Protein chains: 2
Amino acid sequence: MFDPVCPSDLTPIRFGDKWAGMLLRCLEHGPRRFSELRVPLRGISAKALTKSLRSLERDGLVTRRAHAEPTRRVEYELTALGRSLLQPIAAACAWAREHWDELLDAREASSLPTRPVQPVRG
Amino acid sequence: MFDPVCPSDLTPIRFGDKWAGMLLRCLEHGPRRFSELRVPLRGISAKALTKSLRSLERDGLVTRRAHAEPTRRVEYELTALGRSLLQPIAAACAWAREHWDELLDAREASSLPTRPVQPVRG
DNA sequence: GCGGATGGTTACCGATCGGATACCAGTTAC
DNA sequence: GTAACTGGTATCCGATCGGTAACCATCCGC
């Protein structure tokens with residue numbers, strides 16, 4: 001999931017910040033804990049995850065619930081509004097899959113400056 | 001068109017850079033000249049417009065045609081790929097219109113830090 | 001020959017983005 | 001007691017974003 005050559009790096013469609021789109025998709029099937037989210041989002045730092053989640057929370061797309069348990073536990077869940085964004089996200093993914101090759105070709109054929117592919121973090 | 005309180009400032013959905021989404025919509029009904037594009041995109045600087053257009057060109061979404069005429073004339077036009085993006089853009093706009101109030105409410109109700117509304121340029 | 005339009009480019013600047021690193025308080029397992 | 005896991009926060013850094021201002025060559029109308 002979300003490998004380093006993920007189409008979402010190439011498509012011109014973005015949802016919120018760098019991670020928000022993937023984050024919302026990770027929450028698609030129910031609430032997830034902070035550290036659970038870090039698994040599929042390979043390499044995301046705690047800081048980036050916190051920031052992205054706070055932003056989504058502020059916009060009413062996810063809720064944060066800190067459980068009163070001996071050992072710390074916080075769960076994030078999509079709101080109705082957040083769930084409603086899954087459709088446009090799916091549409092964007094469909095578009096990207098469909099036009100992936102054209103995008104690659106266009107970049108390759110272009111003489112215009114392209115940013116070098118970012119190095120893959122281990 | 002694209003007034004300062006445009007929903008596209010608030011929605012978490014973005015196409016390319018700050019102007020790309022609006023730019024593509026401006027090209028929806030046929031080729032446009034550089035200076036024609038600056039009209040609906042109130043206040044865009046030449047630099048920003050050039051950069052955004054170059055980026056769209058590089059990605060194969062628009063074409064640039066410099067006419068061999070006595071007085072300089074350059075036209076930008078959507079490619080088939082660019083036109084295909086109009087659908088997701090329309091979907092994003094529909095989503096934004098539909099959930100505009102919820103987004104505003106969420107921000108208002110939130111105690112989380114929101115960036116102050118940027119000053120409206122004359 | 002002077003001003004304005006056209007389609008840009010360049011330099012500069014502050015703000016933001018996003019990664020790396022270090023740290024922290026509470027709990028739990030060894 | 002000490003290490004690891006939990007869910008973070010604080011600090012630093014370089015890169016990018018996006019705006020302003022200045023400049024530029026060519027052509028046109030007056």
Side-chain angles (χ1 to χ4, degrees), chain A residues 2 4 6 8-9 12 14-23 31-39 41-58 62-77 112-122, chain B residues 2 4 6 8-9 12 14-23 31-39 41-58 62-77 112-122:
Chain A
F2 305 135
C6 181
S8 60
D9 264 12
R14 284 238 336 227
F15 296 83
D17 64 20
K18 177 176 178 180
W19 301 97
M22 298 179 249
L23 219 33
R32 293 285 182 271
R33 303 179 56 169
F34 188 85
S35 45
E36 282 176 321
L37 290 171
R38 300 192 65 176
V39 178
L41 275 50
R42 302 196 6 88
I44 191 176
S45 67
K47 175 191 164 191
L49 183 51
T50 306
K51 217 188 73 177
S52 198
L53 284 169
R54 290 280 184 284
S55 172
L56 293 173
E57 200 189 343
R58 184 199 59 190
V62 310
T63 55
R64 191 189 110 110
R65 246 182 325 174
H67 297 265
E69 285 175 15
T71 162
R72 210 165 175 188
R73 186 173 149 210
V74 180
E75 279 191 325
Y76 294 91
E77 191 175 7
L112 270 37
T114 310
R115 208 168 307 112
V117 177
Q118 60 238 41
V120 178
R121 277 172 284 95
Chain B
F2 304 136
C6 180
S8 59
D9 264 12
R14 286 240 332 231
F15 296 84
D17 63 20
K18 177 177 177 181
W19 301 97
M22 298 179 250
L23 219 33
R32 292 284 182 270
R33 303 178 56 168
F34 188 85
S35 46
E36 282 177 321
L37 289 171
R38 299 191 66 175
V39 177
L41 275 51
R42 301 197 6 90
I44 191 176
S45 67
K47 175 190 164 192
L49 183 50
T50 306
K51 218 188 74 178
S52 198
L53 284 169
R54 290 280 184 283
S55 172
L56 293 173
E57 201 191 341
R58 183 199 58 193
V62 311
T63 55
R64 191 190 110 109
R65 246 182 326 173
H67 297 264
E69 284 176 17
T71 164
R72 210 165 175 187
R73 185 171 147 212
V74 180
E75 280 191 325
Y76 294 92
E77 189 174 9
L112 271 36
T114 309
R115 207 168 309 113
V117 177
Q118 59 240 41
V120 178
R121 278 172 283 97

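Labels below follow one simple rule: chain letters A, B, ... track the order of the sequence lines, proteins then strands, and each chain is numbered from 1. Just so it is clear, the model here is predicted, and its values are computed rather than measured.
- The CG-C1' distance, from B:D17 to D:dA15, rounds to 17 Å in whole Å.
- B:R64 and B:A66 get closest at one heavy-atom pair: NH2-CB, 4.0 Å.
- When the nearest nucleotides of DNA chain D are assigned to A:K47 and A:E75 by heavy-atom distance, the more 5′-ward of the two goes with A:E75.
- Here the side chain of B:R14 is nearest to one of D:dG18, C:dG18, D:dG8, namely D:dG18.
- Interatomic distance, B:K18 NZ to B:M22 CE, rounded to the nearest 0.5 Å: 7.0 Å.
- B:I44 places its CD1 atom 14 Å from the P atom of C:dG7, with the value rounded to the nearest Å.
- Note: CZ (B:R72) to P (D:dC27) measures 10 Å, nearest angstrom.
- A:K18 has its NZ atom 16 Å from the C1' atom of D:dC17, to the nearest Å.
- Rounded to whole Å, the distance from CZ on A:R73 to C1' on D:dG7 is 13 Å.
- Distances shorter than 4.0 Å separate some side-chain N or O of A:R33 from OP1 or OP2 on D:dG7.
- Of the residues in residues 49-56 of chain A, A:T50, A:R54 come within less than 4.0 Å of DNA chain D through at least one heavy atom, sorted by number.
- Distance check, rounded to the nearest 0.5 Å: CG of A:L37 to CZ of A:R32 gives 8.0 Å.
- Applying a 4.0 Å cut-off to non-hydrogen atoms, the residues of residues 63-71 of chain B that approach DNA chain C are B:R64, listed by residue number.
- Between the CH2 atom of A:W19 and the C1' atom of C:dG18 there is a distance of 10 Å, given to the nearest Å.
- With rounding to whole Å, A:M22 atom CE is found 12 Å from C:dG18 atom C1'.
- Contact annotation for B:S45: base contact, defined as any heavy-atom pair under 4.0 Å involving a base atom.
- Remark: the backbone N or O of A:I44 is paired with a side-chain donor or acceptor of A:R38 at under 3.5 angstrom.
- Checked against side-chain hydrogen bond (donor to acceptor under 3.5 Å, both in side chains), A:R73 has the following partners two or more places apart in sequence or in another chain: A:E69, A:E75.
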List, one per line, each side-chain donor-acceptor pair under 3.5 Å for residues 46-57 of chain A, sequence neighbours excluded.
unit_1: A:T50; atom_1: OG1; unit_2: A:A46; atom_2: O; d: 2.7
unit_1: A:S52; atom_1: OG; unit_2: A:D17; atom_2: OD1; d: 3.0
unit_1: A:S52; atom_1: OG; unit_2: A:D17; atom_2: OD2; d: 3.1

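- Residues passing the side-chain hydrogen bond (donor to acceptor under 3.5 Å, both in side chains) test with B:E77 are B:R65, sequence neighbours excluded.
- In this structure A:A68 satisfies the side chain to side chain contact (heavy atoms under 4.5 Å, CB included) test with no other residue, sequence neighbours excluded.
- Between the CH2 atom in A:W19 and the CG atom in A:L41 there is a gap of 5.5 Å [rounded to 0.5 Å].
- One atom, CZ of B:F34, and another, C1' of C:dG8, lie 6 Å apart when rounded to the nearest Å.
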